[in-house]
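Note sheet for the following structure.
Only heavy atoms go into these numbers, but all of them, side chains included; no hydrogens, no water, no symmetry mates. Whatever order the structure lists ligands and atoms in, that order sets their numbers, starting from 1.
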Amino acid sequence: MARFAVFASGTGTNFESLAHAFEDAAQPHQLAALFCDRRAAPVLDKAQQRGIPAYFLPYSTENRAIFEKAAITILRGLKIDLVVLAGFMRVLTRMFIDAFPRRIVNIHPSLLPAYPGTHAIERSFDSKDNELGVTIHLVDEGLDSGEVIARESFIRTGSETLAEIEARIHSIEHSLYPAVVRDLLDRAHGS
Ligand code: GRF
């Protein structure tokens, strides 16, 4: 069995889709913990409702090293194989990334390298791009800049509203992320 932790800062719909995908006791992997940096984040309630241990770690630019060292200690104690960022609004330091080499992934709601950072869906929508989508990548010290490991895209007609594009992108995220995480955990389990 391989174990993973989710880092999230907000609503947590991706956390929900991951929790749902891995709740079946018959499958070999486990969502073992949530890490959150915002006390009011709805994702904390979602973890509580599902009985998934949640760690609230207050975070600011000044105490980033303290947050990350505490997280590393907890993650090692839990024997976590994979760190899954799902709407985690912080850039991790080299120290943290080096603690889990090629074992930290992120999902981003655009076709990277286009539109890294915040408001990616709105910026994609406002562009002249016909092809929109979702990217999953390994995490490095940059902003949504690591090695791409999966993408899924679609062609828009141009008549969709922003709300429809948002719904389509989130729907892709909620099926693609569990599938990619499962594949990574299968490999971690086999290695
Ligand atoms: C998702 O769109 C994800 O791609 C981005 O942040 C959003 C998080 O949404 N990194 P949620 O909190 O999982 O609903």
Check each atom of ligand 1 against the heavy atoms of T11 and keep those under 4.0 Å away; list them by number with element.
12 (O), 14 (O)

Are R156 and F125 in a cation-pi setup, meaning NZ or CZ lies under 6.0 angstrom from the ring centre and within 45 degrees of the ring axis?
yes

Proximity winner for atom 8 (C) of ligand 1, if only heavy atoms of S9, G87, A120 are counted:
G87

R39 atom CZ: more than 12 heavy-atom contacts under 6.0 Å
no

Counting from 1, what ligand 1 atoms have a heavy atom of H170 closer than 4.0 Å?
2 (O)

Between T13 and H170, is there a side-chain donor-acceptor contact under 3.5 Å, judged purely by atom types and distance?
no

Closest to atom 9 (O) of ligand 1 among protein heavy atoms sits N14 ND2, 3.8 Å

Could you tell me the residue and atom name of the protein heavy atom closest to atom 10 (N) of ligand 1, and the distance to it rounded to 0.1 Å?
I107 O, 3.0 Å

Any side-chain heavy-atom pair of E68 and L92 under 4.5 Å
yes

Report yes if some N/O of G12 lies less than 3.5 Å from some N/O of ligand 1; otherwise report no.
yes

Counting neighbours of CD on Q48 that are heavy atoms of other residues, nucleotides or ligands and sit closer than 6.0 Å, is the number greater than 12?
no

Return the residue, atom name and 0.1 Å-rounded distance of the protein heavy atom closest to atom 14 (O) of ligand 1.
T13 OG1, 2.5 Å

Polar atom proximity, G10 to ligand 1 (N or O, under 3.5 Å):
no

Would you check if there is a donor-acceptor pair between the side chains of D129 and Y115 at a distance under 3.5 Å?
yes

What verdict does the side-chain hydrogen bond (donor to acceptor under 3.5 Å, both in side chains) test give for E173 and S17, after you've listed the backbone C-alpha separation in whole Å, the side-chain angles of each residue and the deciding distance to 0.1 Å?
CA-CA 9 Å; E173 289 189 323; S17 69; over 6 Å; no

What do you reckon, does E173 have a nitrogen or oxygen under 3.5 Å from a nitrogen or oxygen of ligand 1?
yes

Is P109 in contact with ligand 1, taking contact as a heavy-atom separation below 4.0 Å?
yes

